[in-house]
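Structure, as structure tokens:
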Amino acid sequence: MEVGKTYNVVFSTGRYEIEYENRVKCIKETPKSYRVERTDGSTRLVGQDSIIKLEEISGHT
């Protein structure tokens, strides 16, 4: 992920749990995780090792 870009992300949160975050903007990168901002303004931490699928959205609004 790159800071300032918008993505759809699929990631694991537990051994058998998968979560989806659509249209989130990467606002911070750390050595092991990314801080993403949702469209409603809330943020979420996503671990780099837990990402299963990452799709960049171009031409976002």
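Because the structure is predicted, anything quoted here is derived from the model rather than measured.
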*Roughly how far, to the nearest 0.5 Å, is the CG atom of Asn22 from the OH atom of Tyr7?*
14.5 Å
*Give the C-alpha distance, both sets of side-chain angles, the deciding distance and a yes or no for side-chain contact (heavy atoms from CB on, under 4.5 Å) between Asn8 and Ile57.*
CA-CA 7 Å; Asn8 288 336; Ile57 300 172; 3.2 Å; yes
*Where do Glu37 and Ile27 come nearest, in terms of heavy atoms and distance?*
OE1-CG2, 3.8 Å
_Inter-residue atom distance Ile51.CD1 - Glu21.CD, 0.5 Å rounding_ = 11.5 Å
*Calculate, to the nearest 0.5 Å, the distance between atoms OG1 and CE belonging to Thr6 and Met1 respectively.*
10.0 Å
*Atom OG1 in Thr43, atom CZ in Arg38: separation rounded to 0.5 Å?*
7.5 Å
_Note, Ile18 side chain near Val10 side chain (heavy atom, < 4.5 Å)_ = yes
*asked:* For the CG atom of Asp40 and the CZ atom of Arg23, what is their distance to the nearest 0.5 Å?
replied: 13.5 Å
*Whether Ser50 side chain and Gly47 backbone form a donor-acceptor pair below 3.5 Å*: yes
*Going through the distances and angles, do Glu29 and Gln48 end up as a side-chain contact (heavy atoms from CB on, under 4.5 Å)?*
CA-CA 9 Å; Glu29 181 179 353; Gln48 290 181 359; 4.0 Å; yes
*Out of curiosity, Phe11 CZ to Arg44 CZ, how far, rounded to the nearest 0.5 Å?*
4.0 Å
*State yes or no: do Leu54 and Val24 share one hydrophobic cluster built from I, L, V, M, F, W and Y residues joined by side-chain heavy-atom distances below 4.5 Å, directly or via other members?*
yes
*Before giving the answer on side-chain contact (heavy atoms from CB on, under 4.5 Å), spell out for Lys5 and Glu56 the whole-Å C-alpha distance, their side-chain angles and the decisive distance to 0.1 Å.*
CA-CA 7 Å; Lys5 294 192 177 183; Glu56 183 180 347; 3.2 Å; yes
*Mind listing the closest non-hydrogen atom pair of Ser33 and Leu45 along with its distance?*
OG-CD1, 3.5 Å
